[in-house]
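For reference, the structure discussed in these notes is given below.
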Amino acid sequence: MAVVQGDERDKVAAAASGRRSRGHPLLRGWRRDRYTHGMHPAQMEALRAMCGALIPSLPAEVEGHGRGDPPGGKDLERFYNASAADSIIPDEVTRPSSVAELMVTRCIREAVVLAWVVLWVLSTRVGTLLLCGRLCVSGEFPYVRKFSDMPLAQREAALQRWNKVRWLFPLRIAFAIVKILCHYVFYAMVNENSENPYWKAIGYNVEEPAREERKEATPSPPRSRPLDVGVVETRLLNDNALLRSLVGRGVTVKPSDDACHTVQCDAVIVGSGCGGGVAAAVLASAGYKVVVVEKGDYFTAEDYSSIEGPSMERLFERGGIFCTSNVTTMIFTGATVGGGSAVNWSACIRTPETVTREWAREHGLPVFGSQGYAEAMDTVCARLGLTDRCREEGFQNKVVRRGCEALGLKADAVPRNSSEGHFCGSCNFGCPTGDKRGTDTTWLVDAVSRGAVILTGCKAERFLFETNTNRTKKCVGLLATCSGDGGITKKLIRIEAKVSIAACGALMTPPLLRNSGLNNRHIGRNLHLHPVSMAWGYFPPENKLITGKCYEGGIITSMHRVTDRTIVETPALGPGAFAAMVPWESGRDMKERMRRYARTAHAFALVRDRGDGFVDGEGRVRFTPSREDVEELRHGLRQVLRILVAAGAAEVGTHRSDGLRLRLPPRFKKIAIAIKTLLDVSTMSVADLTGRLKEAEEAFEEPPASLQHEGKLYLLEEEWNSWRKNAAGAAEGAGMGADVAVHQVGHRLQTDPPAMNASAVARWVTGPESVGRSPRRSRLTLCKIKRRPRSGS
């Protein structure tokens with residue numbers, strides 16, 4: 001997906017248009033005048049029909065649905081009337097061509113071929129009959145409709161069938177790909193004013209950070225950027241300007257008659273993230289001439305727009321659409337100056353001593369257990385300015401902290417590389433306040449101040465080797481390609497160096513080494529991704545105990561440690577990512593879910609995985625969690641759900657594909673619920689589950705205030721019974737005699753393990769011992785409180 005191209009930096013202010021005037025043009029707009037997906041018009045008609053069924057045009061509902069939804073209005077009416085199949089919306093905000101372009105340019109080859117074939121099949125009557133069955137049959141000639149000719153209701157029913165089909169897994173994968181990309185494009189793309197017409201209806205807006213405005217009589221020259229003395233932006237230069245920039249920054253340029261420019265230095269580093277930035281600063285401070293090669297662009301705090309679509313496209317690898325080969329795990333990795341440190345969520349947790357000792361003892365790496373490593377960690381933390389203090393927490397972290405306090409669990413403060421007053425919820429798109437300290441504002445600044453040079457828009461192709469007299473190979477430099485669209489005719493740059501360092505991350509380093517001719521069988525193995533499973537809870541606006549919106553405030557300021565290998569944290573989800581991950585049940589249900597976006601809190605269980613993944617090539621990653629990881633994720637997700645319920649959520653659920661959720665009736669939440677285990681209710685429909693809960697609610701009365709003794713909500717049967725026994729005498733003396741009975745509700749477990757991606761299943765299970773065994777009975781324990789006799793009765 002291409003974006004609006006910008007000119008030189010001194011023209012940025014004049015190029016800005018519309019109400020939003022700040023931010024780099026590359027991070028403000030997301031358009032394409034020409035598409036290269038190559039799909040046939042018949043395939044595009046089928047894709048358009050799928051998009052129109054996923055996000056259909058519906059009549060607006062003025063009144064809410066009893067969940068605290070916002071009132072109706074023009075914005076809401078526009079939102080409900082909009083369809084992803086529309087092609088007349090200005091600036092092609094929702095045109096299916098954008099979905100096709102992302103599919104072809106971002107997804108793995110197998111997924112592209114699969115979707116391509118499915119769309120071809122749906123473009124024919126016979127193929128539609130094969131995949132849709134009786135839904136495409138009509139009473140008029142030719143009696144069988146193509147998918148694009150089917151009525152909306154039948155198309156939606158077909159998609160619902162594909163979403164649940166198990167016997168034809170490829171069809172389900174094709175549905176998931178189109179669903180994810182369609183919703184991402186619909187909610188993340190913006191017009192020329194950097195706005196999406198549906199954000200107001202879902203309660204979302206992008207706020208510019210407050211900055212001091214300078215009033216000057218005459219225009220001031222452009223502000224210098226922290227890395228200006230050392231950065232060379234190849235995207236904006238021609239051949240002569242490139243060579244002059246390199247020479248002006250102290251880099252030796254050798255005459256060359258071939259198709260590449262040749263430069264010399266002491267050390268060349270591929271990647272400018274956490275590893276490359278620190279290495280560049282250390283080597284430059286030792287007096288070496290360092291050249292850092294970065295394929296991304298250089299942006300500063302003034303450039304960041306916090307707009308999801310264009311920011312994901314320019315700041316993340318593969319535009320943020322990077323998944324494993326089995327399409328079960330989404331991966332986010334930075335692709336800009338500063339690497340992951342420029343787009344991380346500000347959380348900077350020191351490596352626990354138990355982990356460093358494990359590395360040193362079990363993996364034969366004594367350096368991690370040395371005093372020198374501990375001192376290096378202290379130095380890094382000091383340079384990043386880490387603090388675990390937070391002046392004000394955001395909505396999602398308030399939910400986690402409140403839920404933990406209600407359950408009597410410990411909620412730890414998370415160290416961040418920002419000040420204690422940092423209240424930015426868009427640091428994952430680059431921190432627009434400039435308060436977050438990544439390598440682009442710390443270590444790389446140190447490096448360029450000591451003579452280092454950073455080449456941006458320059459992609460490393462392979463390391464260069466020469467054979468010694470004893471037939472061993474020695475690395476002598478790097479061959480890189482200028483990927484910009486400027487005036488450079490010699491795209492290749494040969495960088496000759498005494499030392500070459502690959503610091504482009506666990507996903508990009510193995511392909512670079514293989515492209516360089518290295519054949520070690522361990523390259524690309526032993527990949528660990530720390531998989532997560534998410535749960536969500538909806539908090540109606542009427543809930544005044546927890547204020548704010550899900551996209552406001554620090555992204556991670558609180559966490560709960562479940563086990564030594566599992567923690568609970570909160571994510572950053574823009575509208576596009578939120579819509580892509582939320583399960584789809586129907587077009588109306590999806591729009592209702594999106595209306596509640598601002599007050600839906602997400603939390604995830606993150607596991608330090610034991611399983612190994614593989615990097616097979618650039619953009620190709622295989623990863624399957626081990627059985628132990630599955631157990632850890634299930635246990636962690638169960639704790640996440642307990643936290644959300646205890647915090648006061650009106651509705652909770654996970655990202656399982658069938659959309660199963662648990663709606664808690666208002667009075668039911670006030671009952672002392674002994675959630676000893678949050679159950680797997682996969683064999684029970686939502687209606688049946690809600691009916692059971694309603695029956696249970698009607699059998700109970702509101703508990704006495706003692707159930708929240710000393711500010712603690714007793715959700716565990718053992719805790720409540722223990723306190724009740726200790727307080728029995730006082731309760732009787734006060735006339736509060738409560739007869740507590742235990743009621744059991746049994747549900748049968750489904751034993752197939754969940755996939756490890758954010759959009760897949762992670763369920764309410766009775767415990768790790770149930771995995772791999774036959775289904776067994778479980779129970780949900782409820783505390784029944786008798787009604788106290790009224791006076792005179």
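No donor-acceptor pair under 3.5 Å is formed between the side chain of D609 and the backbone N or O of P531. No donor-acceptor pair closer than 3.5 Å links the side chain of N397 to the backbone N or O of T570. With hydrogens and angles disregarded, a donor-acceptor distance shorter than 3.5 Å links the side chain of R565 to the backbone of R608. Judged by distance alone, the side chain of T566 and the main-chain N or O of G636 form no donor-acceptor pair under 3.5 Å. A donor-acceptor contact shorter than 3.5 Å links the side chain of W536 to the backbone of T654. Counting only distance, with no hydrogens or angles, the side chain of R28 and the backbone of G23 share a donor-acceptor pair below 3.5 Å. No side-chain donor-acceptor contact under 3.5 Å links K295 to the backbone of A335. Within the 3.5 Å criterion, the main-chain N or O of S346 finds no donor-acceptor partner in the side chain of R416. Here the side chain of N417 pairs no donor or acceptor atom with the backbone of K436 at under 3.5 angstrom. Listed for the T439 side chain is a donor-acceptor partner under 3.5 Å among the backbone atoms of S272.
With rounding to the nearest 0.5 Å, the separation of OH in Y597 from CD1 in I202 is 6.5 Å. Within the model, atoms OG1 of T557 and CG of D412 stand 12.0 Å from one another, a figure rounded to the nearest 0.5 Å. Note that the CE atom of M330 and the CD1 atom of I321 stand 6.5 Å from one another [nearest 0.5 Å].
In this structure R401 satisfies the side chain to side chain donor-acceptor pair (under 3.5 Å) test together with E393, S558, sequence neighbours excluded.
Salt bridge R350/D378: present, at least one basic N to carboxylate O contact under 4.0 Å. Between K591 and D589 there is no salt bridge, since none of the side-chain N atoms of the basic residue sits less than 4.0 Å from a carboxylate O of the acidic one. At a threshold of 4.0 Å, the pair E313-R106 counts as salt-bridged, since one of the basic side-chain nitrogens sits closer than that to a carboxylate oxygen.
Defined by atom type and a distance below 3.5 Å, a donor-acceptor pair is present between the side-chain atoms of S419 and D435. In this structure, a donor-acceptor pair under 3.5 Å is absent between the side chains of Y198 and D75. Side-chain contact check for D303 and T300: at least one donor-acceptor pair (N or O, by modelled atom type) lies under 3.5 Å.
Looking only at side-chain heavy atoms (C-beta outward), R642 and L407 come within less than 4.5 Å of each other. Side-chain contact between P575 and W199: present, with at least one pair of heavy atoms (C-beta onward) separated by less than 4.5 Å. Within the 4.5 Å cutoff, side-chain heavy atoms of T333 are placed close to those of F322. Looking only at side-chain heavy atoms (C-beta outward), Y538 and R596 come within less than 4.5 Å of each other. Within the 4.5 Å cutoff, the side chain of R225 has no heavy atoms near those of the L227 side chain.
Screening M581, E308, Q396 for a side-chain contact (heavy atoms from CB on, under 4.5 Å) with L573, the sole residue that qualifies is M581. Considering T563, V607, V630 in turn, T563 is the only one that fulfils the side-chain contact (heavy atoms from CB on, under 4.5 Å) rule with H635.
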Subject >> Criterion ring pair (Phe, Tyr, Trp, His ring centres under 6.0 Å) on Y304 and F429, from CA distance to verdict >> reply: CA-CA 7 Å; Y304 295 129; F429 304 137; 9.8 Å; no
Original post:
Are H602 and F578 close enough, and set up right, to give a ring pair (Phe, Tyr, Trp, His ring centres under 6.0 Å), and what steps lead you there?
Top reply: CA-CA 10 Å; H602 273 81; F578 180 97; 5.4 Å; yes
**OP:** Report the C-alpha separation of C504 and E294 in whole Å, then their side-chain angles, then the decisive distance to 0.1 Å, and conclude whether the side-chain contact (heavy atoms from CB on, under 4.5 Å) test is met.
**Re:** CA-CA 9 Å; C504 44; E294 170 59 55; over 6 Å; no
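Under the 30°/60° scheme for interplanar angles, the aromatic rings of F395 and F539 are found to stand perpendicular.
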